[in-house]
Amino acid sequence: MMYDSKITSMHLDVLKEIGNIGAAHAATALSTLLNKKIDMKVPKVEMVSFDDMMDLAGGPESVVAGIYLRIEGDVTGSMFFVLPVEQANRFIRRLVQDETFDFQTGEVSEIGLSAMQELGNILSGSYLSALSDFTRLKIYPTVPALSVDMVGAIISFGLVELSHISDYVIVIDTAINEEDVPNEESVKGHFFLLPDPESFEAIFKALGVN
């Protein structure tokens with residue numbers, strides 16, 4: 001069954017509200033980590049096609065820092081947090097106070113890589129916790145894996161199972177604004193939520209889609 005055809009703007013508004021609840025929790029955790037005020041918002045949640053998902057991340061050949069994890073429990077699937085590599089570099093440099101850190105040149109430290117994975121832990125954990133609380137489903141993230149590569153290479157293997165049931169994916173825009181950092185240097189990434197085929201029904205039933 002194709003569930004994307006049954007998703008209404010109301011359901012997307014609910015997903016956006018869940019995202020903002022998760023973002024608030026993530027902002028608190030990041031504020032502690034960075035020792036400065038962090039503001040996070042989810043400006044938009046939408047269902048898009050696989051091709052549009054690639055375009056949102058800059059195109060399939062755009063190089064990004066991608067955090068990938070599996071979702072387990074009552075709902076299973078894949079989740080990606082994709083961030084333009086330039087923004088990832090800026091964020092990690094500020095976080096670990098190392099201006100030489102650069103994913104693209106290989107000037108990476110273990111502490112910087114750990115910081116990026118911790119960012120993925122905080123963001124994905126906060127969102128999935130909010131989704132679990134709202135739907136009353138047991139949802140657990142696995143330990144996230146970090147990859148720096150072209151968008152197409154990072155997320156293509158997550159599409160295989162989902163393509164059997166749908167041509168669409170849930171996209172959760174995420175904006176992270178740090179205190180004393182110009183808006184143009186804020187972190188703007190995308191969560192791509194790809195439930196496994198059998199999990200679409202569980203999620204959308206919990207959101208009121210019959």
Side-chain angles (χ1 to χ4, degrees), residues 1-30 40-54 56-57 66-83 117-147 151 154-174 189-210:
M1 186 181 296
M2 294 290 188
Y3 283 95
D4 49 84
S5 63
K6 295 188 175 186
I7 298 300
T8 68
S9 59
M10 181 182 70
H11 301 125
L12 293 177
D13 286 344
V14 171
L15 284 172
K16 180 180 176 181
E17 183 57 31
I18 293 170
N20 276 316
I21 292 169
H25 294 316
T28 300
L30 285 174
M40 281 188 65
K41 298 292 183 186
V42 173
K44 184 167 60 175
V45 174
E46 55 189 331
M47 293 280 287
V48 303
S49 69
F50 294 154
D51 287 342
D52 287 342
M53 175 179 63
M54 298 281 192
L56 281 173
I67 299 288
Y68 166 75
L69 57 92
R70 285 289 296 169
I71 302 167
E72 298 178 347
D74 293 336
V75 170
T76 61
S78 300
M79 189 176 218
F80 297 86
F81 179 63
V82 176
L83 191 62
Q117 285 189 300
E118 183 60 19
L119 175 64
N121 259 330
I122 290 171
L123 295 179
S124 59
S126 297
Y127 179 75
L128 291 177
S129 177
L131 182 62
S132 178
D133 289 344
F134 190 90
T135 60
R136 299 186 183 278
L137 297 170
K138 295 177 181 177
I139 305 173
Y140 312 105
T142 62
V143 176
L146 170 64
S147 179
V151 173
I154 289 177
I155 65 178
S156 60
F157 64 89
L159 304 180
V160 177
E161 284 297 318
L162 188 62
S163 64
H164 296 159
I165 189 172
S166 173
D167 294 323
Y168 288 79
V169 62
I170 301 168
V171 179
I172 305 150
D173 288 347
T174 303
H190 304 284
F191 271 114
F192 299 134
L193 181 59
L194 294 79
D196 289 341
E198 64 275 12
S199 294
F200 255 98
E201 183 173 6
I203 290 175
F204 293 147
K205 275 187 175 179
L207 293 176
V209 181
N210 298 317

For Asp173, all residues meeting side chain to side chain donor-acceptor pair (under 3.5 Å), sequence neighbours excluded: His190
Could you tell me which non-hydrogen atom of Leu69 sits nearest to which non-hydrogen atom of Pro144, and how far apart they are? CB-CA, 4.1 Å
About how many Å separate CG of Leu194 and OG of Ser199, when rounded to the nearest 0.5 Å? 11.5 Å
Looking only at heavy atoms, the pair that brings Asn20 and Val42 closest together is OD1-N, 2.8 Å
State, to 0.1 Å, how close Lys44 and Lys16 come at their nearest heavy-atom pair, and which atoms those are. N-CE, 4.4 Å
Minimum heavy-atom distance Phe191-Thr174, with the two atoms named: CD1-OG1, 3.5 Å
I'd like to check Leu193 versus Val169 (side-chain heavy atoms, cut-off strictly below 4.5 Å). Are they in contact? no
Contact between Tyr140 and Ile71 at the side-chain level, heavy atoms closer than 4.5 Å - yes or no? no
Can you see which heavy atom on Tyr68 is nearest to which on Ser78, and at what distance? OH-OG, 3.5 Å
Can a donor-acceptor pair be found, under 3.5 Å and without considering hydrogens, that links the side chain of Thr76 to the backbone of Glu72? no
Please check if the side chain of Ser132 supplies one atom and the backbone of Leu128 the other of a donor-acceptor pair under 3.5 Å. no
How many angstroms lie between atom NZ of Lys205 and atom OG1 of Thr135, to the nearest 0.5 angstrom? 14.0 Å
State the CG-CG distance between Leu123 and Leu30, to the nearest 0.5 angstrom. 6.0 Å
Would you please name every residue forming a salt bridge (Lys or Arg N to Asp or Glu O under 4.0 Å) with Lys41, sequence neighbours left out? none
Taking every heavy atom of Gln117 against every heavy atom of Ile67, the minimum-distance pair comes out as CA-CD1, 4.3 Å
Once you round to the nearest 0.5 Å, how far does CG of Leu137 lie from CG of Leu131? 7.0 Å
Rounded to the nearest 0.5 Å, the CE atom of Met79 sits from the CZ atom of Phe81 at a distance of 10.0 Å
Can you spot which of Ile170, Val171, Asp52 makes a side-chain contact (heavy atoms from CB on, under 4.5 Å) with Met47? Ile170
Say whether, by atom type as modelled, one donor and one acceptor occur between the side chain of Thr142 and the main chain of Arg70 under 3.5 angstrom. yes
Measure the spacing between CD1 of Ile122 and NE2 of His25 and express it to the nearest 0.5 Å. 13.5 Å
Applying ring-ring contact (aromatic ring centres under 6.0 Å, His included), can you list everything that pairs with Tyr127, at least two apart in sequence or on another chain? none
